[in-house]
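In the text below, chain A, chain B and the rest are named by the order of the sequence lines, each starting its count at 1. These figures come from a predicted structure and were not determined experimentally.
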Protein chains: 2
Amino acid sequence: MTGSRADGTPQRPTLEQVAALAGVGRGTASRVINGSPSVSPQTRDAVMKAVAELGYVPNQAARSLVTRRTGAIALVISEPEERLFSEPFFAGVVRGISKVMDEHDRQLVLVLVHGAAERADEPAAYLSPQHVDGALLLSQHEGDDLPQRLRDRGLTLVHGGRPPGDEEASWVDVDNVGGARGAVAHLLERGRTTVATIAGPPDMQAGRDRLQGYREALGAVGMPFNPDLVSVGDFTELGGWRAMQSLLEQRDDLDAVFVASDPMALGALRALRESGRTVPGDVAVVGFDDSPMAAVSDPPLTTVNQPVERLGREMAEMLLGSLAEGGATEPRSVVLPTSLVLRGSS
Amino acid sequence: MTGSRADGTPQRPTLEQVAALAGVGRGTASRVINGSPSVSPQTRDAVMKAVAELGYVPNQAARSLVTRRTGAIALVISEPEERLFSEPFFAGVVRGISKVMDEHDRQLVLVLVHGAAERADEPAAYLSPQHVDGALLLSQHEGDDLPQRLRDRGLTLVHGGRPPGDEEASWVDVDNVGGARGAVAHLLERGRTTVATIAGPPDMQAGRDRLQGYREALGAVGMPFNPDLVSVGDFTELGGWRAMQSLLEQRDDLDAVFVASDPMALGALRALRESGRTVPGDVAVVGFDDSPMAAVSDPPLTTVNQPVERLGREMAEMLLGSLAEGGATEPRSVVLPTSLVLRGSS
DNA sequence: TTGAAAGCGCTAACAA
DNA sequence: TTGTTAGCGCTTTCAA
């Protein structure tokens, strides 16, 4: 039995009790718990049995105190706008991360870094090796020095998405360039001749990369890049709607458009409908994200699928890998392939 | 200076060093850190100064070891379907929770409880008083016994959303009944005479509550409840589209519809358009959620706004309040008001 | 009001 | 292979 204290809180058994029940010393019990090889099978069995009988669970605080490792990983999300969590992107990434953490018996500490307020005094003082072993960064802002500061504190970091101009960073990203290139190539193969694009915000790496893919696809078939066929949106439905209108004003002869996000593509679909055009008859449309809405829009949206859960998994595994090797390894990076999902809009 | 260890990890200063620098005993330094009243002002100042100078941050592990409190709160999300994170609902709630945790220097540990797999052996063994002081539960499933098991382990809990048939639970919810009632009352006041509803899944409390609000609004003006005017969806756009079609087949004379979620309302809008009807001319539509899409749909959607961030705040504050009082208090509950946002669809 | 000291539960170094 | 022991950094009695 485990006993309980005066306030009714069940009192967890300690390693001491496990050792006593197993008839061994505390050190030996500790070795068994931590999978040390230098323990005889009989001793191991006796300890395991005692652990099971008592329902023993190691006290993480005591353990951290001596090992100086916490078992916790921070998931840092900067400036959680409406967008961030709202996008299925986050759901998938977080799920992937969470599964890996579960598998490794590690805790995920969620840290939302809000705007200037927190930034002012000591930004996320909690994010130090004293509290977490490492950190996963999502949606960093351009020019933010938080990553550098965290590294200075001795934290091992892995970024979701390639951080621009940070050679020291380790990161995992989806192949935005390739995904966009493939989408535009698909439109060209279908015989479209005047392919426009609604690009994402130029201050976001994903926005820039997807525009780059558009250029590369044109270049691959010897078509010139024409600024008239590019309009910039902010990744929202409204932004896509406006961008599409502006494109139609400039070039009423366009017959296809690659849109750098599904919400923007839905806005574009609406603008096209309002202009009296048919999709894909008059204009073919391809989005990016493969969000749930894409499957049920009118018409269903051809779009680029990103392996979001896998992105989370890879991030988590890369971080745990670096931690296992003892930290100071070379920066590493992984790019995950995207795939085109064909639907009615193209 | 704080010194550093061989591996380059900066070595944090300890309370011992703070005490030495301030010229006091370790116990006294501890009292200052923890805001004990029985410390002279001069002593306090000296210690504070030493803390600032050394950049001292208490070691949470050491603290937990003796206080038996962790400073951590778990955010438990059951079965994170696509839906869950995808909805702006989650973004707001998590943001509210996060802010309160920041204010109280507490950590938020994210625990995603996946399907049967985890459930099978020991479900979230981590969720015990040894690791977290309490837990916030989001999107619990009907009949799930996780809450009860966590309480048995001695954890203090607060639910987001009213847990059906759990008298011991503390919870915070938005006024789903009132919000729905107000939405339908609004349609009736606008002169609509045949108000249908697309209800949410009957196995979800929010779905049931919103249907209840619909009934109450009809009852308030002496109108009978007519099953022909009710169709059930699954809170998705596709579900709303289908439900709207089925309603139109049964009752082609309906002139208004209250839809229990915005995604479903967008689907309903599409079905109405496809049937050749105008909104709000032929049929007025009101949704529920005030999601970003509602503002930019065609026409913009009248909908019920929920104070999502506040819901998170209230949950977090309720939990921390219960914890402060020392646990075994009465179950408590809070219902937050919703508000109708008038737009073009009604 | 303050200092000294015990001890929270564990790991790891050292002996045996 | 095993037991013993010295702390990890902190809070909290107990005396003074």
- Note on the structure: Comparing nearest nucleotides in DNA chain C, the 5'-proximal residue of the pair T43(B), P58(A) is T43(B)
- Whichever of G23(B) and Y56(A) has its nearest DNA chain C nucleotide further upstream toward 5': G23(B)
- Any residue meeting ring pair (Phe, Tyr, Trp, His ring centres under 6.0 Å) with H159(B), in chain and number order, not counting sequence neighbours: none
- Message: If you compare every side-chain N and O of R68(B) against the phosphate oxygens of dG9(C) (OP1, OP2), does one of them come in below 4.0 Å?
- Response: yes
- Message: Five pairs per end, C1' atoms only: what is the angle between the end axes of the helix from dT1(C)-dA16(D) to dA16(C)-dT1(D), to 10 degrees?
- Response: 40°
- Message: Within the 4.0 Å heavy-atom criterion, would you say S64(A) contacts the bases, only the backbone, or no part of the nucleic acid?
- Response: nothing
- Considering only side-chain heavy atoms of S40(B), which listed nucleotide, dC8(C), dT2(D), dT2(C), is closest? dT2(C)
- Item | Main-chain N/O of V94(B) paired to S98(B) side chain as donor or acceptor, under 3.5 Å | no
- List the steps and the verdict of side chain to side chain contact (heavy atoms under 4.5 Å, CB included) for L54(B) and L21(B). CA-CA 9 Å; L54(B) 295 174; L21(B) 181 57; 3.9 Å; yes
- Message: Rounding to an integer number of Å, can you tell me how far I33(A) CD1 sits from dA12(C) C1'?
- Response: 15 Å
Protein N or O to nucleotides 12-16 of chain D N or O, pairs below 3.5 Å:
residue : atom : partner : partner atom : Å
dT13(D) : O4   : R31(B)  : NH2          : 3.2

- Query: Is T14(A) touching bases, backbone alone, or none of the nucleic acid, heavy atoms closer than 4.0 Å?
  - Reply: sugar-phosphate
- Task: Counting heavy atoms from C-beta on, name the nucleotide in dT2(C), dC10(D), dC10(C) closest to the side chain of R63(A).
- Result: dC10(C)
- Query: Base, sugar-phosphate, or nothing: which does S38(A) touch, judged by heavy atoms less than 4.0 Å apart?
  - Reply: base
- d(CD, E16(B); C1', dA4(C)) in whole Å: 11 Å
